[in-house]
2 protein chains.
Amino acid sequence: MALPNLAHEKEKHILDAAENRFARFGFSKVTMDEIAQDIGLAKASLYYYYPTKENIFRAVIARKQDKFLQNTKGILQHPDPAREKLKAYVRQRIALGNQLLNFSALNSTFWQESKPGFKDLFVTFSRQEMDMITTIVSEGKQNNEFEVASPEKTAELILHVLLGLRLRFLQATQAHGETREQIENFEQQVDFLIDTLLQGIVKRSSL
Amino acid sequence: MALPNLAHEKEKHILDAAENRFARFGFSKVTMDEIAQDIGLAKASLYYYYPTKENIFRAVIARKQDKFLQNTKGILQHPDPAREKLKAYVRQRIALGNQLLNFSALNSTFWQESKPGFKDLFVTFSRQEMDMITTIVSEGKQNNEFEVASPEKTAELILHVLLGLRLRFLQATQAHGETREQIENFEQQVDFLIDTLLQGIVKRSSL
DNA sequence: CGACCTTTCGACTAATAACGTTGAATCGTC
DNA sequence: GACGATTCAACGTTATTAGTCGAAAGGTCG
């Protein structure tokens with residue numbers, strides 16, 4: 001099997017090509033032949049590394065999520081106040097969401113109804129997200145920055161409210177066009193939301 | 001047949017939707033169903049207005065070319081010096097080329113070999129382009145700005161050299177990736193080319 | 001209303017495109 | 001030169017999609 005590194009290298013190569021295509025055209029508009037040709041391989045060779053197209057897609061998403069978690073774990077290390085950590089996290093998270101949005105090529109229904117086979121990817125990811133936000137909020141509680149009863153419940157609320165807003169946004173973009181402008185609008189709303197939530201969490205005495 | 005205006009309106013609607021899709025994904029990656037659904041129609045209804053997908057594509061291109069010619073005819077009216085007109089024209093023309101590039105979705109071969117059925121669209125367009133450039137150069141000659149023997153030959157040279165550079169650019173982008181940077185590079189080269197050509201055309205005494 | 005024209009669509013076909021398979025060839029390494 | 005790792009051309013099978021057809025809905029005018 002040569003060195004695991006080499007196989008690893010090739011898989012990375014495949015995933016890179018696939019990610020580029022998927023980000024541009026979405027899952028259904030990308031063919032295995034295109035991915036293969038992008039890296040100078042025959043289509044059949046792809047199947048040596050990945051059993052199905054769906055698997056490649058899953059691997060691409062998983063890698064993006066991993067990178068995200070890795071990056072954002074860095075945020076937790078810094079000695080910033082918890083509120084800054086939370087805002088930084090949310091910003092990163094929104095960016096990831098926007099990228100993933102393209103992977104279905106503007107077809108918001110894709111993620112929920114159309115492909116239940118991909119749902120599991122997001123549940124494990126969500127758990128890890130929950131952990132990170134909970135950590136941030138707990139930290140804020142411990143150093144008397146936040147005044148919360150249950151960090152877990154608070155983290156859950158933040159996550160749900162964030163995802164809910166994204167859903168609203170998807171509905172809106174699907175109805176009308178104009179994605180660019182609405183993405184900025186969406187980001188502003190998220191900023192505002194976080195500020196408002198923080199208002200309700202921070203300890204009065206700390207202001 | 002209702003008012004011709006209404007049919008016209010609907011055709012415009014179809015073309016708008018088609019243009020958006022084609023510009024984003026290219027000819028082959030767009031389905032009739034998608035175009036139809038974008039405007040809330042059944043696919044079969046599209047065929048009431050256009051006999052084939054290729055015809056829609058042709059109409060989209062033709063309309064873009066028409067708009068371009070209309071816009072640029074405006075340039076000719078202004079009392080600017082011919083050299084400025086020429087540069088303005090070239091800039092507009094390059095922009096059009098970049099847009100049309102997407103219609104094949106980065107597949108440069110599409111325009112030449114793959115679809116000879118589209119070639120006629122470009123020959124009539126080229127004739128009109130020739131006319132416009134010839135007009136500009138002739139004007140420059142008449143008011144003693146340019147020193148050229150034959151405006152026609154000069155216009156032809158400019159056009160061919162421009163198209164040749166575009167071809168080179170296509171080859172380059174197909175070999176490597178990195179489109180964004182290379183487009184800017186291309187535009188700089190075109191600017192430089194035009195400046196150089198103008199150097200060889202303008203009357204010395206006018207400098 | 002009812003004849004007539006315009007416009008829309010659901011359901012179908014035929015052809016193509018794309019996923020995924022297989023068995024053989026090639027390469028690298030021991 | 002044997003053996004596993006890797007690659008591919010050619011193929012089978014399913015899914016997608018351009019284009020068709022007949023019927024239905026909508027509208028207009030006498």
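Throughout, a chain's letter reflects where its sequence line sits, starting with A, and its residues are numbered from 1.
The pair A:D16-A:K12 counts as a salt bridge, with a side-chain nitrogen and a carboxylate oxygen less than 4.0 angstrom apart.
Residue A:Y50 contributes atom OH, which lies 22 Å from atom P of C:dA18 at whole-angstrom precision. In this structure, A:E11 atom CD and D:dA5 atom C1' are separated by 13 Å, rounded to whole Å. Nucleotide C:dT6 holds its P atom 19 Å from the CG atom of B:L46, rounded to whole Å. Look at CD1 on B:I39: it is 10 Å from P on C:dC9, rounded to the nearest Å. Distance CD (A:Q37) to P (C:dA18): 11 Å, rounded to an integer number of Å. Taking atom CG of B:L41 as the reference point, atom C1' of C:dC9 lies 9 Å away to the nearest angstrom.
Using modelled atom types, no side-chain atom of B:E11 and backbone atom of B:Y49 make a donor-acceptor pair closer than 3.5 Å. B:K87 places no side-chain N or O within donor-acceptor distance of the main-chain N or O of B:D191, the cut-off being under 3.5 Å. Not a single donor-acceptor pair under 3.5 Å links the side chain of A:T72 to the backbone N or O of A:I75.
A close approach under 4.0 Å does not occur between any side-chain nitrogen or oxygen of B:Y48 and OP1 or OP2 of C:dT8. Within the structure, every side-chain polar atom (N or O) of A:K10 is placed at least 4.0 Å from both OP1 and OP2 of D:dA5. B:S45 has no side-chain polar atom (N or O) that falls below the 4.0 Å cut-off from OP1 or OP2 of C:dT7.
When the salt bridge (Lys or Arg N to Asp or Glu O under 4.0 Å) test is applied to B:E19, the partners found at least two apart in sequence or on another chain are B:R63, B:K64. Qualifying salt bridge (Lys or Arg N to Asp or Glu O under 4.0 Å) partners for B:E152, counting only residues two or more places apart in sequence or in other chains: none.
Considering only side-chain atoms of B:Y49, the nucleotide from C:dC9, D:dT7, C:dT7 that sits closest is C:dT7.
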Any protein N or O atoms within reach of nucleotides 17-20 of chain D? Criterion: under 3.5 Å, listing atom names and distances.
residue, atom, partner, partner atom, Å
D:dA18, OP1, B:V30, O, 3.3
D:dA18, OP1, B:K53, NZ, 3.3
D:dA18, OP2, B:M32, N, 2.8
D:dA18, N7, B:K43, NZ, 3.0
D:dG19, OP2, B:K53, N, 2.7
D:dG19, N7, B:K43, NZ, 3.1
D:dG19, O6, B:K43, NZ, 2.6

